[in-house]
Amino acid sequence: LAHKLPAVTTQAIASGNHSTKTCGASSSIGQTANEDREAATAAGPATTAAGEATVLTTVPAFSSSLFIGCNPAVYFPTDDEQVESLPRSLKSLMKWRNSSITPQVVKKHIQRVGFVNTLKVGEWLGYWGKHLTPTGFRAFKAHQKTNHFPGSFCIGRKDYLWIRLRNMQLKFGRTDFAFFPTTYVLPGDMSELKVNWDEAAKQKWILKPPAAARGIGIRLINKWEQVPRSQRRVIVQKYLDKPYLINESKFDLRVYVYVTSYDPLRIYVYDDGLVRFATVKYKAASKHI
């Protein structure tokens, strides 16, 4: 498969790819893709969601890599583009593996460029799903990509992240690692939490599940009886009641990065991002939070 398809490294498919060495001498496929795209011809009309006819521009299926020394990558078209038809020899190799958590937007775009879903272990080029086991990663072929680095869950879960940050504090001191609030992982840190709780009687605390997202399960507490007593892991942190504000409103920033390597560390920061603002002015009183 790798010999048949030297150019398709799918490095533009999955954010946070994992792979063995897939960069090498560039194939002739896609070397002039950028120039060809500028001179692409218009294809037949398509219909928009509103029922209006639109013309799609045909573009090359491969794009020159953004990374030095790497093969061309599959090009993902915009809504007003469609990729050129691939030769049968290449089309038969465009296999993808979906999972139960593959987002619809990912399924939509991989289908648009010609990928076909498969469950056969050695066939697929890309996989978007949950973090794999060590055995699963070891079974990867050189041409296969996923949306996780091995071990990335160690900083992706709140409890595991705190353990790593605490170890960094112990090793290098708190001066450079004081950018996060005091954290406890229950039930293991229950006794330590109780000591600090009693010392800060008016402190507000925030409770979070360790492996959830989108604010699910997060709540504020200020009474000891509100602390969970179950054996299920939960995060308790000091609530920061004097946050940065813009126009008296809380906000958060979402910056998108693309990590291509951890050793050496190589991160690309996307120019655009998101800023989300609270819909009401911030007030520190518990009933308003």
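Because the structure is predicted, anything quoted here is derived from the model rather than measured. Hydrogens, waters and symmetry mates play no part in the numbers below; they use all other heavy atoms, side chains included.
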Report task. Verify the cluster assignment for I235 and L161: are they in a single hydrophobic cluster under the rule of side-chain heavy atoms below 4.5 Å apart? Result -> yes
Query raised in the report: Going by an N to O cut-off under 4.0 Å, is there a salt bridge joining K281 and E248?
Result: no
Report task. Decide yes or no on side chain to side chain contact (heavy atoms under 4.5 Å, CB included) for W224 and K194, but give the supporting numbers first. Result -> CA-CA 8 Å; W224 181 249; K194 184 64 168 73; 3.2 Å; yes
Query raised in the report: Same cluster for I246 and Y244 if Ile/Leu/Val/Met/Phe/Trp/Tyr side chains link at under 4.5 Å?
Result: yes
Query raised in the report: Are any of the side-chain heavy atoms of M94 and V116 separated by less than 4.5 Å?
Result: no
Report task. Before giving the answer on side chain to side chain contact (heavy atoms under 4.5 Å, CB included), spell out for W205 and K238 the whole-Å C-alpha distance, their side-chain angles and the decisive distance to 0.1 Å. Result -> CA-CA 5 Å; W205 302 80; K238 282 189 175 181; 3.5 Å; yes
**Report entry** Any V59 side-chain heavy atom under 4.5 Å of Y75 side chain
**Finding:** yes
Query - Donor-acceptor contact below 3.5 Å, side chain K158 vs main chain A212 - result: yes
Report summary line: On a heavy-atom basis, the closest approach of L56 and D79 is CD2-O, 3.4 Å
Query raised in the report: Side chain of R112, backbone of V83: donor and acceptor closer than 3.5 Å?
Result: no
Query raised in the report: Taking everything shown except N247 itself, do over 12 heavy atoms lie less than 6.0 Å from its CG?
Result: no
Query - For the student: nearest non-hydrogen atoms of G217 and P209, plus distance - result: O-CD, 3.5 Å
Query - Heavy-atom pair of closest approach, residues L132 and F137 - result: O-CE1, 3.4 Å
Requested in this report: Check the angle between the aromatic planes of Y258 and Y268 and answer parallel, tilted or perpendicular using the 30° and 60° thresholds.
Outcome: tilted
Query raised in the report: Any side-chain heavy-atom pair from N98 and K107 closer than 4.5 angstrom?
Result: yes
Report task. Applying side chain to side chain contact (heavy atoms under 4.5 Å, CB included), run through L207 and I218 and close with a yes or a no. Result -> CA-CA 6 Å; L207 188 147; I218 295 179; over 6 Å; no
Report task. Would you indicate whether the side-chain heavy atoms of F180 and L240 approach each other to under 4.5 Å? Result -> no
Query raised in the report: Can you tell me if H131 uses its side chain to pair, donor with acceptor, with the backbone of N147 under 3.5 Å?
Result: no
Query raised in the report: When rounded to the nearest 0.5 angstrom, what is the spacing between OG in S191 and CG in N196?
Result: 11.5 Å
Report task. Give a yes or no on whether F149 and I155 share a hydrophobic cluster (residues Ile, Leu, Val, Met, Phe, Trp, Tyr; joining criterion: side-chain heavy atoms under 4.5 Å apart). Result -> yes
Query raised in the report: When W96 is tested against each of W124, Y127, W128 for side chain to side chain contact (heavy atoms under 4.5 Å, CB included), which residue passes?
Result: W128
Query raised in the report: With distance as the sole criterion, is a donor-acceptor pair present between the side chains of T57 and E81 under 3.5 Å?
Result: no
Requested in this report: Report yes if some heavy atom in the side chain of V113 is under 4.5 Å from a heavy atom in the side chain of P77; otherwise report no.
Outcome: yes
**Report entry** CG on L220 to CD on Q226, rounded to 0.5 Å
**Finding:** 9.5 Å
Report task. Dump the intermediate steps for side chain to side chain contact (heavy atoms under 4.5 Å, CB included) on W197 and V227, then the final yes or no. Result -> CA-CA 11 Å; W197 188 289; V227 177; 3.9 Å; yes
Requested in this report: Could you tell me whether R164 and D159 have a side-chain N and a carboxylate O separated by less than 4.0 Å?
Outcome: no
Report task. Return the orientation label for the F153 and Y160 ring planes: parallel under 30°, perpendicular over 60°, tilted otherwise. Result -> perpendicular
Query raised in the report: Should K130 and I101 count as side-chain neighbours, where that means a heavy-atom distance under 4.5 Å?
Result: yes
Query raised in the report: Distance only, no hydrogens: is a donor on one side chain within 3.5 Å (strictly under) of an acceptor on the other, for T183 and Q237?
Result: yes
Query raised in the report: Any side-chain heavy atom of F76 sitting closer than 4.5 Å to one from I110?
Result: yes
Requested in this report: Could you tell me the separation between the CZ atom of R97 and the CG atom of L119, rounded to the nearest 0.5 Å?
Outcome: 7.5 Å
Query raised in the report: So which heavy atom on F62 is nearest to which on P72, and how close?
Result: CB-CB, 4.3 Å
Requested in this report: Looking only at non-hydrogen atoms, find the nearest pair between G129 and S99 and report the distance.
Outcome: CA-OG, 3.2 Å
Query raised in the report: Do the numbers put R174 on top of the ring of F177, so that NZ or CZ is under 6.0 Å from the six-membered ring centre and no more than 45° off the axis?
Result: no
Query raised in the report: Counting only heavy atoms not in Q203, do more than 12 sit closer than 6.0 Å to its CD atom?
Result: yes
Report summary line: Between G122 and H143, the two heavy atoms sitting closest are O-NE2, 4.0 Å
Requested in this report: Can you establish whether the number of heavy atoms outside R229 located under 6.0 Å from its atom CZ is more than 12?
Outcome: yes
Requested in this report: Report yes or no: do F179 and V257 belong to one cluster of Ile/Leu/Val/Met/Phe/Trp/Tyr joined by side chain heavy-atom distances under 4.5 Å?
Outcome: yes
Query raised in the report: So T118 and E123, side chain to side chain donor-acceptor pair (under 3.5 Å) or not? Walk me through it.
Result: CA-CA 7 Å; T118 182; E123 277 194 350; 3.0 Å; yes
Query raised in the report: Is any side-chain heavy atom of Y256 less than 4.5 Å from a side-chain heavy atom of L274?
Result: yes
Query raised in the report: Under 6.0 Å from the CD1 atom of I216, do we count more than 12 heavy atoms belonging to anything else shown?
Result: yes
Query raised in the report: Are L265 and L165 joined in one hydrophobic group, where the rule is that I, L, V, M, F, W and Y side chains link up if heavy atoms are under 4.5 Å apart?
Result: yes
Query raised in the report: Do the side chain of Q111 and the main chain of K108 share a donor and acceptor less than 3.5 angstrom apart?
Result: no
